[in-house]
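First the structure, in the form of structure tokens, and then the observations on it.
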Protein chains: 2
Amino acid sequence: MCIFVSEKTIMKLAEAKEKYVQTWGMLASNWGINRTMAMVHALLLASGKPLSTDEIMEALMISRGNANMNLRDLIGWGIIRKEIIRGERKEYFVAEKDIWFLFKQILKERRKREIEPVISSIEELRTIDEKGPETDEFIKLMSDMLNVTSKINNIMDLAIKSDEHWLLGKITNLIK
Amino acid sequence: MCIFVSEKTIMKLAEAKEKYVQTWGMLASNWGINRTMAMVHALLLASGKPLSTDEIMEALMISRGNANMNLRDLIGWGIIRKEIIRGERKEYFVAEKDIWFLFKQILKERRKREIEPVISSIEELRTIDEKGPETDEFIKLMSDMLNVTSKINNIMDLAIKSDEHWLLGKITNLIK
DNA sequence: TTTAATTTTCAATAAATTTTGAAAGTTAAA
DNA sequence: TTTAACTTTCAAAATTTATTGAAAATTAAA
């Protein structure tokens with residue numbers, strides 16, 4: 001069964017969707033995201049309708065366990081959700097279509113999971129009870145790290161909290 | 001031999017440096033960067049003096065091939081450089097100490113390697129010669145993607161080109 | 001209740017990535 | 001030149017990460 005089109009096979013569109021799913025999966029792996037997870041997400045985004053686990057398994061040719069696990073993870077990232085279809089026992093899934101929201105959601109999660117731990121870890125490393133020039137140098141390094149990391153943290157925070165147009169306007173002004 | 005301190009073992013500092021190298025290696029893997037590469041970088045950053053391949057091999061207990069390969073990659077990222085020490089035949093390596101520069105350099109490389117290909121790939125996917133509501137929907141999705149990705153690209157560009165204090169000032173204003 | 005459909009778990013397996021180490025390649029001093 | 005110190009390469013091995021599939025758990029209808 002073809003997931004993508006409702007009737008009459010429109011090859012060009014199906015091809016583009018196929019390619020999109022593949023491309024997205026490839027790119028995601030650069031960013032420490034599991035390839036299959038990215039592909040499941042792209043599939044849901046491109047499909048335009050809720051899909052069941054079985055449909056996802058078939059479209060991506062992956063096992064039930066794999067599909068289930070990646071769907072759970074995507075829900076954990078807050079970028080897909082279950083959708084109940086009346087008269088159906090199966091669970092269906094849909095991806096949030098708002099791309100700006102998607103971007104903010106990913107940024108939010110990565111900030112929480114990856115930036116915050118860096119900050120506390122660096123803060124801890126600054127507390128050395130030895131004296132000496134080498135210690136001073138190391139503490140200076142940690143302070144510089146903390147300084148830049150905090151700035152990144154602030155920028156992420158700004159983006160997460162901002163409305164798309166507001167941020168775009170501000171940034172555009174800065175670029176000019 | 002201990003790489004970190006010149007004389008008398010100052011345990012607390014050495015411990016902190018050790019922990020820093022380990023922590024940084026761990027965190028890097030979240031971002032799709034090889035663990036050893038991050039550790040080599042952290043070691044150079046923390047050591048405060050140029051290190052030879054042999055010293056790095058010993059400190060991190062890694063093979064010559066591994067050390068060599070990761071040093072080449074770090075040079076490719078533009079965040080470490082060779083340093084010639086007079087009277088020495090061996091090559092020595094140092095890490096750029098300016099953390100803001102480091103951040104910008106990484107951003108610059110990742111933008112080039114990962115964001116630019118995404119943009120061209122999405123642009124290509126928008127060219128579908130079929131008509132129909134499903135095609136329109138997909139083209140809309142690709143346009144939204146392109147829109148957000150271009151914004152991210154612009155923000156990265158802004159950060160890369162900016163001086164630390166200038167950017168900080170602007171962002172601080174936005175946050176207020 | 002039972003029963004059957006569906007989801008979840010997880011040990012075993014497969015795939016991808018990283019690391020090793022020794023041989024080949026370079027380079028500079030003798 | 002030769003020689004020896006040093007660097008690079010790369011196929012094989014080790015390690016890490018992802019995937020499978022079948023059994024266990026859960027859920028809702030009968």
Side-chain angles (χ1 to χ4, degrees), chain A residues 1 21-44 50-77 80-94 113-114, chain B residues 1 21-44 50-77 80-94 113-114:
Chain A
M1 188 190 86
V21 172
Q22 296 296 327
T23 305
W24 213 242
M26 229 182 56
L27 296 166
S29 61
N30 285 329
W31 293 90
I33 292 162
N34 171 299
R35 206 179 93 263
T36 305
M37 188 167 123
M39 286 169 76
V40 171
H41 182 251
L43 178 68
L44 286 172
L51 299 179
S52 68
T53 303
D54 290 272
E55 287 170 312
I56 293 164
M57 285 165 61
E58 197 186 337
L60 301 180
M61 298 196 290
I62 59 175
S63 72
R64 184 171 302 283
N66 197 7
N68 183 269
M69 176 168 196
N70 283 296
L71 285 165
R72 294 309 122 196
D73 284 355
L74 284 166
I75 290 172
W77 278 83
I80 72 167
R81 59 174 197 280
K82 281 189 200 176
E83 192 150 292
I84 289 152
I85 295 200
R86 56 164 269 149
E88 286 272 14
R89 174 98 179 260
K90 275 192 187 118
E91 290 179 334
Y92 281 74
F93 301 90
V94 282
R113 298 177 194 198
E114 292 150 21
Chain B
M1 187 191 85
V21 172
Q22 296 296 327
T23 305
W24 212 242
M26 228 180 58
L27 296 166
S29 60
N30 285 329
W31 292 88
I33 291 161
N34 170 300
R35 205 178 97 262
T36 305
M37 189 167 123
M39 286 170 77
V40 171
H41 182 251
L43 178 70
L44 286 172
L51 299 179
S52 69
T53 302
D54 290 271
E55 287 170 312
I56 292 164
M57 284 166 63
E58 197 186 338
L60 302 181
M61 299 197 290
I62 59 174
S63 73
R64 184 170 303 284
N66 198 6
N68 183 270
M69 177 168 193
N70 283 296
L71 285 165
R72 293 311 122 196
D73 284 354
L74 284 166
I75 290 172
W77 278 83
I80 73 167
R81 59 174 197 279
K82 281 190 200 176
E83 191 150 292
I84 289 151
I85 296 201
R86 52 165 272 147
E88 287 271 14
R89 174 97 179 261
K90 275 190 186 119
E91 290 180 334
Y92 282 73
F93 301 89
V94 282
R113 298 177 195 198
E114 292 150 21

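Letters go in sequence order (proteins before strands), and every chain restarts at 1.
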Practice task
For D/dT19, take OP1 and OP2 only and decide whether either is under 4.0 Å from a side-chain N or O of A/Thr36.
Solution key: yes
Exercise for the section: Taking the side chain as every heavy atom from C-beta outward, state whether B/Lys90 and B/Thr53 have any pair of such atoms under 4.5 Å apart. Expected result: no
Exercise for the section: When you get a sec, tell me which of D/dT8, C/dT6, D/dT19 is the closest nucleotide to the side chain of A/Lys90? Expected result: C/dT6
Fill in the blank from the handout: Closest to the side chain of B/Arg89, out of D/dT19, C/dT7, D/dA5, is D/dA5
Practice task
For A/Met69 and C/dA11, give me the distance from atom CE to atom P, rounded to whole Å.
Solution key: 13 Å
Problem - Contact under 4.0 Å: A/Asn68 side-chain N or O vs C/dT7 OP1/OP2 - result: no
Practice task
State whether B/Asn34 places a side-chain N or O below 4.0 Å from either non-bridging phosphate oxygen (OP1 or OP2) of C/dT19.
Solution key: yes
Practice task
Classify the nucleic acid contact of B/Arg72 as base, sugar-phosphate or nothing, counting any heavy atom under 4.0 Å across all strands shown.
Solution key: sugar-phosphate
Practice task
Ignoring the backbone of A/Asn70, work out which of C/dT7, C/dT20, D/dT19 is nearest its side chain.
Solution key: D/dT19
Practice task
Between A/Asn66 and B/Gly65, just flag the one whose closest nucleotide in DNA chain C comes earlier from the 5' side.
Solution key: A/Asn66
Practice task
Report the distance from atom CG of B/Asp54 to atom C1' of C/dG21, rounded to the nearest whole Å.
Solution key: 14 Å
Handout entry: Any donor-acceptor pair under 3.5 Å from B/Glu58 side chain to B/Glu55 backbone
Key = no
Problem - Separation of atom CG in A/Leu71 from atom P in C/dT9, rounded to whole Å - result: 13 Å
Practice task
Starting from P on D/dC6, measure out to CD on B/Glu88 and report it in whole angstrom.
Solution key: 8 Å
Exercise for the section: Return yes if the base of D/dT20 and the side-chain atoms of A/Arg64 contain a donor-acceptor N/O pair under 3.5 Å, otherwise no. Expected result: no
Problem - Side-chain heavy atoms of A/Leu27 within contact of B/Glu114, under 4.5 Å - result: no
Exercise for the section: Could you check how far CG of B/Asp73 sits from P of C/dT18, rounded to whole Å? Expected result: 10 Å
Fill in the blank from the handout: Rounded to whole Å, CE of B/Met57 lies from P of C/dT19 at a distance of 14 Å
Handout entry: Check: B/Asn70 side chain, B/Asn66 main-chain N or O, donor-acceptor pair, under 3.5 Å
Key = yes
Problem - Interatomic distance, A/Ile56 CD1 vs C/dT8 C1' [rounded to whole Å] - result: 16 Å
Completion exercise
A/Glu91 CD to C/dT8 C1', in whole Å, measures 10 Å
Handout entry: Heavy atoms of other groups near B/Met69 CE, more than 12 under 6.0 Å
Key = no
